[in-house]
Amino acid sequence: MKILRIIVDIGILPMFIFFKNTIWNLEKKGHQVVVVSRDKDVVIELLNAYKIPHTVLSKVKPGKVHLFEEWFVRESKLYKIAREFNPDLIIGILSPPVAHVAWALGKKSIIFNDTEHAEIAQKMTYPFCNIICTPTSFNRDAGKKQIRYRGYHELAYLHPAYFSPNPEVLRELDVEMGEPFVILRFVSWSAHHDVGQHGIGNKLILIQELEKYGKVFISSEGKMAEEFDRYRIKVPPEKIHSLLYYATLCVGEGATMAVESALLGTPSIYVSSLAGTMGNFSELEEKYGLLFNYSDSEAALKKAVELLKDPELKKTWNLKRAELLKDKIDVTEFMIKLIEGTPGKRQGKKQGVSLSAVSDESYA
């Protein structure tokens, strides 16, 4: 087996969680992995907590106007690192710097994407990368470079092969096993693909109504009004998935946490003007019944109350989750096979990409 030199770009929290098992498994197999990061939310904190060496390329700045400026900074620094490291492959999640730097240096790149409406980033990334890797539920055709796999980004770390819930997290929040509680997720709407979008309307009313059925905890990307501070989740970020697993319900504006909740067998209500635009959300609602999409806050609240009144709620969702897991693959295993096969000898004429890595039909 050839030892590969790989650069992994981690810009936001979901990217870290998506790639962490792949990074560890690649290193265990002897591959050399360099991680580049971005100072946003708790990305640096988690990379350090998990003892993953990394180089910080940039720090997020408030305001959408700085997004393109930051892309340029990341690209310049990544180019310098890549020239020195001489990688076989650079990988990232819909990252223009990854695709541009790999193209400029004549290296191969894999871009993962599950966000159909991120059109600007797609236009800046797709022409320069070698492989565009999307779930089968992705509702856009990305052309000959596209490889589809039967899973979701979140199954790279929430698949039972990698995740086991830890009930100790309940003690930290003074919650008894089986006691009903709700997690709310608020986002900052600062991502490039969130421009002009919105989520939950009257957050106070939502909290007051949900409190009638159990404790309420809030996970928020940015600052919250003082009146919400007492609801803020006060557990380390690496424990949030255990908390989601034991929660009775998750309601929020965050796409990633909405999917995570559903995949953990916790009813999930996604409230956003983007509802209905992403294939993974549609599949989770229409095929598996694990998640509900709403653009209207009042309708979402009505659904939340309806669910919380169901005494068999968690039992029902665990059965639904089991059915989903029968259909889906171990996404980390798929990623490692794809990465190890990409710099191989069997190459496409135009893109120089090995398709032998994904010849197994079980992945599609």
Would you find a donor on one side and an acceptor on the other, under 3.5 Å apart, between the side chain of [X] and the backbone of [Y]?
X: Ser268; Y: Ala262; result: no
X: Arg150; Y: Asp327; result: yes
X: Lys314; Y: Ala247; result: yes
X: Glu116; Y: Gly279; result: yes
X: Arg321; Y: Leu263; result: yes
X: Thr125; Y: Ala99; result: no
X: Ser261; Y: Met257; result: no
X: Glu172; Y: Pro236; result: no

If every non-hydrogen atom of [X] is compared with every non-hydrogen atom of [Y], which pair is closest and at what distance?
X: Leu4; Y: His31; result: N-ND1, 3.0 Å
X: Trp317; Y: Pro267; result: NE1-CA, 3.3 Å
X: Ile111; Y: Val98; result: CD1-CG1, 3.9 Å
X: Ser297; Y: Val271; result: OG-CG1, 3.9 Å
X: Cys133; Y: Ile110; result: CB-CG2, 4.5 Å
X: Lys203; Y: Glu253; result: NZ-OE2, 3.4 Å

Practice problem: Before giving the answer on salt bridge (Lys or Arg N to Asp or Glu O under 4.0 Å), spell out for Lys326 and Glu323 the whole-Å C-alpha distance, their side-chain angles and the decisive distance to 0.1 Å. | Solution: CA-CA 5 Å; Lys326 289 179 184 177; Glu323 288 301 311; 3.3 Å; yes
Do [X] and [Y] have side chains that get closer than 4.5 Å, going by heavy atoms?
X: Ile269; Y: Asn293; value: no
X: Tyr152; Y: Leu155; value: yes
X: Val36; Y: Ile10; value: no

SB check [X] [Y] (cutoff 4.0 Å):
X: Lys328; Y: Glu283; result: yes
X: Arg140; Y: Glu119; result: yes
X: Glu340; Y: Lys2; result: no
X: Glu209; Y: Lys212; result: yes
X: Lys215; Y: Glu179; result: yes

Exercise. Assess Lys303 against Phe292: is NZ or CZ under 6.0 Å from the centre of the six-membered ring, and within 45 degrees of the ring's axis?
Key: yes
Self-check item: Charged tip of Arg5 within 45° of Phe85 ring normal and under 6.0 Å
Solution: yes
Check the orientation of [X] and [Y]. Use parallel for under 30°, tilted for 30 to 60°, and perpendicular for over 60°.
X: Phe128; Y: His100; result: perpendicular
X: Phe18; Y: Phe112; result: perpendicular
X: Phe163; Y: His241; result: perpendicular

When you compare the side chains of [X] and [Y], does any donor N or O come within less than 3.5 Å of an acceptor on the partner?
X: Asn130; Y: Lys107; answer: no
X: His153; Y: Asn113; answer: no
X: Ser58; Y: Glu70; answer: yes
X: Thr55; Y: Lys77; answer: no
X: Asn166; Y: Tyr245; answer: no
X: Gln146; Y: Tyr126; answer: no

Exercise. List the steps and the verdict of side chain to side chain contact (heavy atoms under 4.5 Å, CB included) for Tyr213 and Thr248.
Key: CA-CA 10 Å; Tyr213 301 92; Thr248 311; over 6 Å; no
Exercise. Decide side chain to side chain donor-acceptor pair (under 3.5 Å) for Ser95 and Asp9; before the verdict, give the C-alpha distance in whole Å, the side-chain angles of both, and the deciding distance to 0.1 Å.
Key: CA-CA 8 Å; Ser95 169; Asp9 176 53; 3.1 Å; yes
What distance separates [X] [atom1] from [Y] [atom2], expressed to the nearest 0.5 Å?
X: Thr256; Y: Met15; atom1: OG1; atom2: CE; result: 9.5 Å
X: Glu333; Y: Thr22; atom1: CD; atom2: OG1; result: 11.0 Å
X: Leu264; Y: Ser242; atom1: CG; atom2: OG; result: 8.5 Å
X: Phe228; Y: Arg232; atom1: CZ; atom2: CZ; result: 11.5 Å
X: Lys239; Y: Ile233; atom1: NZ; atom2: CD1; result: 13.0 Å
X: Glu260; Y: Thr266; atom1: CD; atom2: OG1; result: 11.0 Å

Do [X] and [Y] share a hydrophobic cluster, counting only Ile, Leu, Val, Met, Phe, Trp and Tyr and linking them when any side-chain heavy atoms are less than 4.5 Å apart?
X: Val34; Y: Val73; result: no
X: Trp103; Y: Ile131; result: no
X: Val182; Y: Val305; result: yes
X: Phe72; Y: Ile81; result: no
X: Ile336; Y: Tyr162; result: no

Quiz prompt | Worked check of side chain to side chain contact (heavy atoms under 4.5 Å, CB included) between Glu227 and Leu204 | solution = CA-CA 9 Å; Glu227 58 190 330; Leu204 181 59; 3.9 Å; yes
Quiz prompt | side chain to side chain donor-acceptor pair (under 3.5 Å) assessment of Tyr50 paired with Glu45 | solution = CA-CA 9 Å; Tyr50 282 97; Glu45 178 185 341; over 6 Å; no
Quiz prompt | Over 12 foreign heavy atoms within 6.0 Å of NZ, Lys234 | solution = yes
Quiz prompt | Heavy atoms of other groups near Gln32 CD, more than 12 under 6.0 Å | solution = yes
Exercise. Compute the ring centroids of Tyr149 and Phe334, then answer whether they are less than 6.0 Å apart.
Key: yes
Practice problem: Flag the pair Phe181 / Tyr246 as yes when their ring centroid distance falls below 6.0 Å, and as no otherwise. | Solution: no
Quiz item: Yes or no on side chain to side chain contact (heavy atoms under 4.5 Å, CB included) for His54 and Ile44, after CA distance, side-chain angles and deciding distance?
Solution: CA-CA 9 Å; His54 60 99; Ile44 306 303; 3.8 Å; yes
Practice problem: List the steps and the verdict of side chain to side chain contact (heavy atoms under 4.5 Å, CB included) for Leu173 and Val235. | Solution: CA-CA 8 Å; Leu173 291 178; Val235 299; 3.9 Å; yes
Practice problem: Have a look at Ile7 and tell me which of Ile91, Leu78, Leu89 forms a side chain to side chain contact (heavy atoms under 4.5 Å, CB included) with it. | Solution: Leu78
